[in-house]
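In the text below, chain A, chain B and the rest are named by the order of the sequence lines, each starting its count at 1. All of these numbers come straight from a predicted model, not from anything done at the bench.
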2 protein chains.
Amino acid sequence: MQYIRIKDAIKEQIQSGQLAAGAKLPSERKLADTFKTTRVTLREALSLLETDGLIYREDRRGWFISHRALHLDLSLPFVFSSVASAQGRVPSIEVHRAESVMANHESTTYLSLLPFTEVFNIGRIHRLDGRAVMYADHYVRAERLPNLLQHPLDGNLAELYRENWQLHISKCCYTVRSSTFDALIATTIKSTVGAPSLRISRVHIDEAGVAQEYVIEHWRHNAISLDMTVGFGDS
Amino acid sequence: MQYIRIKDAIKEQIQSGQLAAGAKLPSERKLADTFKTTRVTLREALSLLETDGLIYREDRRGWFISHRALHLDLSLPFVFSSVASAQGRVPSIEVHRAESVMANHESTTYLSLLPFTEVFNIGRIHRLDGRAVMYADHYVRAERLPNLLQHPLDGNLAELYRENWQLHISKCCYTVRSSTFDALIATTIKSTVGAPSLRISRVHIDEAGVAQEYVIEHWRHNAISLDMTVGFGDS
DNA sequence: TAGTGGTCTAGACCACAGG
DNA sequence: CTGTGGTCTAGACCACTAC
């Protein structure tokens, strides 16, 4: 199992701090040479390190050392910018898509909509220190937020909803599972198809108990760590 | 991108219900033949499907169709057997290791122990319908639970602690991140090194605010889906 | 334009699973 | 014992990045 040996060697280099976060690894051919093996085997080792979260790739640009993960507390409302800043990271959000569409199967289900209802669909790329780490796909009930798309959408959406339409989110249902990037998302965040991801979906519910927004977040799986504290009454 | 085509073809077979959960895929050589390609490329496709969670492997036995995921609600105390039964699955737990050890770095940190403190270390294999899906590694403060290891350890541990030592867990701190199986765990749950996993660590805190137990659960990443509902006061 | 990563081929050997 | 999965080699071509 050469590729285990290689994986461990690179891992040690990283963990001993020889390689800084964000640094690029030598080319695959050079590495294969160094470890006296072929690219196929070398890539197997890299692939392990990727799944393990120690390195990541940017399509056709190469392999890079992962940054530390962003810690997310699911028991608090999620505001990307605040969370990132609080952890010393530089966040930015880019609106990738914003349009009015027919609700798809998932959004009709989670938002309890009738078929053919119109919803706003907003796709946003989230970056930390310049690197794309998450793509969020929002589906929002259109009738509750008229002219939403005429507003700036690169800030805190919950705040936008609250200030312009008095829409208050009081409850959130999460589902978290591990997944992979499909071609579309891989392309937009410059990752690769099949790279491991963490998929967090949220249903945002207002004070009246109506599901107003359905969000699917696709995280580079090594960019995030979920934390939370739960108290138990008694069971 | 042949392997994408192959991946999609197999995926469709699975999702259309042609292949039942738990069924074994044809041999790699047969599949490679079917898709008129080589094993290397075919394995690339299988690897994608594995990361995506649609299939899994058992070491040297082959590739199998995944079962549906177990839904876990993090806001409730976690009892493997009850959760599994409630979802129509057949759970079983096997004690793999139970010993008294010197606390390692992680456990001293999370349990706030002095170095060289003795802790009980219990490793348990968790199965659903006969298939190993999770390995849990427990570190428990020894002084609070004398003779713990003389008790049967294949049931609900929280209940055991409560009934024999009046230890009540009232709070739990979670951390969830995606990871991979190391050689040890891969072997014991018959998975393979580097297979993607979901790592849930829990710190169990008693009524006095003392961290009594530190548990690391290593889940086959496709075997689990985390759910939870959170209410927000206002932020 | 040179070098890189992404993809693919056509073999090979070994250790283990299952009959 | 046979076939399978796990691992590895030594090439190759293409599209894109970076210069």
side-chain N/O [X] vs [N] OP1/OP2, d < 4.0 Å:
X: B:Thr38; N: C:dC8; value: no
X: B:Arg57; N: D:dG6; value: yes
X: A:Lys30; N: C:dG5; value: no
X: B:Lys24; N: D:dG5; value: yes
X: B:Arg61; N: C:dG18; value: yes

In this structure, how many angstroms lie between the [atom2] atom of [N] and the [atom1] atom of [X], rounded?
X: B:Lys36; N: C:dC8; atom1: NZ; atom2: C1'; result: 17 Å
X: A:Lys190; N: C:dG5; atom1: NZ; atom2: C1'; result: 14 Å
X: A:Arg29; N: D:dA12; atom1: CZ; atom2: P; result: 12 Å
X: A:Leu25; N: C:dG5; atom1: CG; atom2: P; result: 9 Å
X: B:Glu44; N: C:dT9; atom1: CD; atom2: P; result: 10 Å
X: A:Glu58; N: D:dC16; atom1: CD; atom2: P; result: 17 Å
X: B:Glu28; N: C:dA17; atom1: CD; atom2: P; result: 15 Å
X: B:Leu46; N: C:dT7; atom1: CG; atom2: C1'; result: 16 Å

**Q.** Among B:Val119, B:Leu157, B:Asn121, the one residue meeting side chain to side chain contact (heavy atoms under 4.5 Å, CB included) with B:His138
**A.** B:Leu157

Q: With B:Gln13 as reference, evaluate B:Asp8, B:Leu25, B:Leu19, B:Ile65 under the side chain to side chain contact (heavy atoms under 4.5 Å, CB included) test and give the passing residue.
A: B:Leu19

Q.
Contact between A:Leu48 and B:Thr180 at the side-chain level, heavy atoms closer than 4.5 Å - yes or no?
A. no

Q. Are any of the side-chain heavy atoms of A:His67 and A:Leu128 separated by less than 4.5 Å?
A. no

Q) DNA chain D: A:Thr37 or A:Asp59, which has the more 5' nearest nucleotide? A) A:Thr37

Q) Pick the nucleotide of DNA chain D nearest each of A:Thr41 and A:Arg60; which residue has the one closer to the 5' end? A) A:Thr41

Q: Go through residues 1-9 of chain A and report each residue with a non-hydrogen atom lying under 4.0 Å from DNA chain D, sorted by number.
A: A:Met1, A:Gln2, A:Tyr3

Q) Checking B:Arg177 side chain against B:Ser201 main chain: does a donor-acceptor pair fall under 3.5 Å? A) no

Q) Is a donor-acceptor contact shorter than 3.5 angstrom present between the side chain of B:Arg39 and the base of D:dG6? A) yes

Q) Between the base of C:dG5 and the side chain of A:Arg43, is there a donor-acceptor distance below 3.5 Å? A) no

Q) When you check the gap from the basic side-chain N to the acidic O, do B:Asp52 and B:Lys11 get nearer than 4.0 Å? A) yes

Q.
Salt bridge check, B:Glu28 against B:Arg57: does any charged N sit closer than 4.0 Å to a carboxylate O?
A. no

